[in-house]
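Working notes for the structure below.
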Number of protein chains: 2
Amino acid sequence: MTEHSDPLGFTHHDHAHCRESALQAAEDTCAREGLSLTKQRRRVLELLLRKHKAMGAYELLDAMREDGQPAQPPTVYRALDFLVSNGFAHKIERLNAFVACAHPGERHKPAFLLCSDCGLVAEMRSQGIGEAVRAAAEELDFALERMVVEAEGLCPQCRGARA
Amino acid sequence: MTEHSDPLGFTHHDHAHCRESALQAAEDTCAREGLSLTKQRRRVLELLLRKHKAMGAYELLDAMREDGQPAQPPTVYRALDFLVSNGFAHKIERLNAFVACAHPGERHKPAFLLCSDCGLVAEMRSQGIGEAVRAAAEELDFALERMVVEAEGLCPQCRGARA
DNA sequence: CCGCCTATTGTTACGTTATAACATGCTCCG
DNA sequence: CGGAGCATGTTATAACGTAACAATAGGCGG
Ligand SMILES: [Zn+2]
Ligand SMILES: [Zn+2]
Ligand SMILES: [Zn+2]
Ligand SMILES: [Zn+2]
């Protein structure tokens, strides 16, 4: 098992389990840290967990309307703020969209692979990338606080299927 | 001279020269490749070159209005498309804003350091980061096409000045 | 010089993403 | 009960980005 393994997104896996354990991890973390995974926050997280794809805020709003409980933009943005600040979801800057965290509970500086064909998002646990960024920052005496790493291209599936 | 040196942005330097040589590089590249650095494109590039900061499209529009030649959003977005596709400027996804390329002419996958205090942007020539991303992608059989690397934190100046 | 072609710019209108500001409700605890 | 603090509802608007079509400019063959 290498450092980049299990990116959860491009590979086949038991997604029902994936979803459940992510929700459970969120519950646990909230319990442990005195946070509240309220109805709206949980709802948004569940929507994000349906697929390993990024969803825009308005796409989430559409989904919420469709399941009979419409909401307004501030509601979903507030839920997203909560989820992102507590590490249950991440924003994909390149897409102005959000994805459920694939490694909830773990402390991590995430790096993503975005398939430009099918839209799948894989969240890597790449020590190597984090290290490289940290090293570069250090060399320039820059106090690193956050990093955005988003690689775009074709996932193995789509790469194979290209004409 | 290390691989990360000369990030041009946090360090003191002859910025007038910096600006002139970037413009010159753009002229040269355009001449060589049969592109036209038209008035609007050049104008936007000059505005971006004023500082090593990212400017939003509407900030550019304001600046264009202020110097007496107002423009509409499509004008500035078209100029930005040209500059970005030809490597004279880059989009900073995290900020929804644009910055002049600090290494025009060179082929590069840029990585940025963004100071969250003063707003300066440094464009690194980090082979290391690019390599790490490439390696991670390869390991997952992902066909890398483009990468976004944006590190946020405090530049040396602001880091020193913190209370 | 003329007419034509292409690239660029102008103009209007609109779509998408995100937030400000304030009202309301909810829950815990004294 | 009553207030404090957090979460949510509601309205309006800001900020970012693009579609579609009209007008213009500049090169080139005739
Ligand atoms: Zn899954
Ligand atoms: Zn994560
Ligand atoms: Zn400079
Ligand atoms: Zn550059």
Side-chain angles (χ1 to χ4, degrees), chain A residues 26-27 29-31 33-48 53-65 67-86 88-99 114 119 148 150, chain B residues 26-27 29-31 33-48 53-65 67-86 88-99 114 119 148 150:
Chain A
E27 305 259 17
T29 304
C30 286
E33 321 228 323
L35 304 167
S36 27
L37 190 61
T38 60
K39 178 155 164 274
Q40 300 288 41
R41 292 166 180 175
R42 193 188 164 97
R43 242 179 119 194
V44 170
L45 180 55
E46 286 174 353
L47 288 170
L48 291 178
K53 295 194 181 182
M55 294 182 78
Y58 283 77
E59 210 177 332
L60 289 163
L61 281 166
D62 289 346
M64 290 166 98
R65 180 150 17 77
D67 59 48
Q69 311 230 165
Q72 280 345 101
T75 299
V76 74
Y77 278 104
R78 287 191 283 228
L80 287 167
D81 281 350
F82 172 87
L83 296 172
V84 170
S85 5
N86 296 109
F88 305 133
H90 303 291
K91 177 165 188 181
I92 305 297
E93 300 291 346
R94 186 70 221 290
L95 305 175
N96 293 323
F98 302 83
V99 70
L114 317 179
V148 174
E150 295 167 3
Chain B
E27 305 258 17
T29 305
C30 285
E33 322 228 322
L35 303 168
S36 27
L37 190 62
T38 61
K39 178 156 163 277
Q40 301 288 39
R41 292 167 179 176
R42 193 188 164 97
R43 242 180 119 194
V44 169
L45 180 55
E46 286 175 353
L47 288 171
L48 291 179
K53 296 193 181 182
M55 292 183 79
Y58 283 75
E59 210 176 332
L60 289 163
L61 282 166
D62 288 346
M64 290 166 98
R65 179 150 16 77
D67 59 49
Q69 310 231 168
Q72 280 343 104
T75 300
V76 74
Y77 278 104
R78 288 192 283 229
L80 288 168
D81 281 351
F82 173 86
L83 296 172
V84 170
S85 2
N86 295 107
F88 306 133
H90 302 291
K91 177 166 189 181
I92 305 297
E93 300 290 347
R94 185 71 222 289
L95 305 176
N96 294 323
F98 301 84
V99 70
L114 319 178
V148 173
E150 296 166 3

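Given the structure is predicted, the values throughout are model-derived calculations rather than measurements. Quick note on labels: first sequence line is chain A, next is B, and so on, each numbered from 1.
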In terms of the nearest nucleotide of DNA chain D, which residue is placed more toward the 5' end: A/Y58 or A/A79? A/A79
Whole angstrom value for the distance that separates [atom2] of [N] from [atom1] of [X]:
X	N	atom1	atom2	answer
B/Q69	C/dG10	CD	C1'	13 Å
A/Q40	C/dC26	CD	C1'	14 Å
B/F98	D/dA15	CZ	P	16 Å
B/L60	D/dG17	CG	P	11 Å
A/L80	C/dT17	CG	C1'	12 Å
B/D81	C/dA7	CG	C1'	15 Å
A/F82	D/dT8	CZ	P	9 Å

Think [X] has a side-chain N or O under 4.0 angstrom from the OP1 or OP2 of [N]?
X	N	value
B/T75	C/dT9	no
B/K91	D/dG17	yes
A/S36	D/dC6	no
B/N96	D/dA15	no
B/R41	C/dT8	yes
B/Q72	C/dA13	no

Specify the residue among B/L35 and B/P74 whose closest nucleotide of DNA chain C lies further upstream toward the 5′ end. B/L35
Spatial distance of atom CG (B/L37) from atom CG (B/N86) [nearest 0.5 Å]: 9.5 Å
Drop me the distance from A/E93's CD to A/F98's CZ, to the nearest 0.5 angstrom. 8.0 Å
Using the six-membered ring for Trp and the full ring for Phe, Tyr or His, decide whether A/Y77 stacks on the six-membered base ring of C/dT19 (centres under 5.5 Å, planes under 30°). no
Would B/D62 and B/R65 satisfy salt bridge (Lys or Arg N to Asp or Glu O under 4.0 Å), going step by step from the backbone distance to the final call? CA-CA 5 Å; B/D62 288 346; B/R65 179 150 16 77; 2.9 Å; yes
State which of C/dG10, D/dG9, D/dT18 makes the closest approach to the side chain of A/R78. D/dG9
The nucleotide from D/dC16, C/dG10, C/dT8 with an atom nearest the side chain of B/T38 is C/dT8
4.5 Å side-chain heavy-atom contact, B/E46 and B/R41: no
Please check this pair: side chain of B/E150 against backbone of A/V148, looking for a donor-acceptor N/O pair closer than 3.5 Å. no
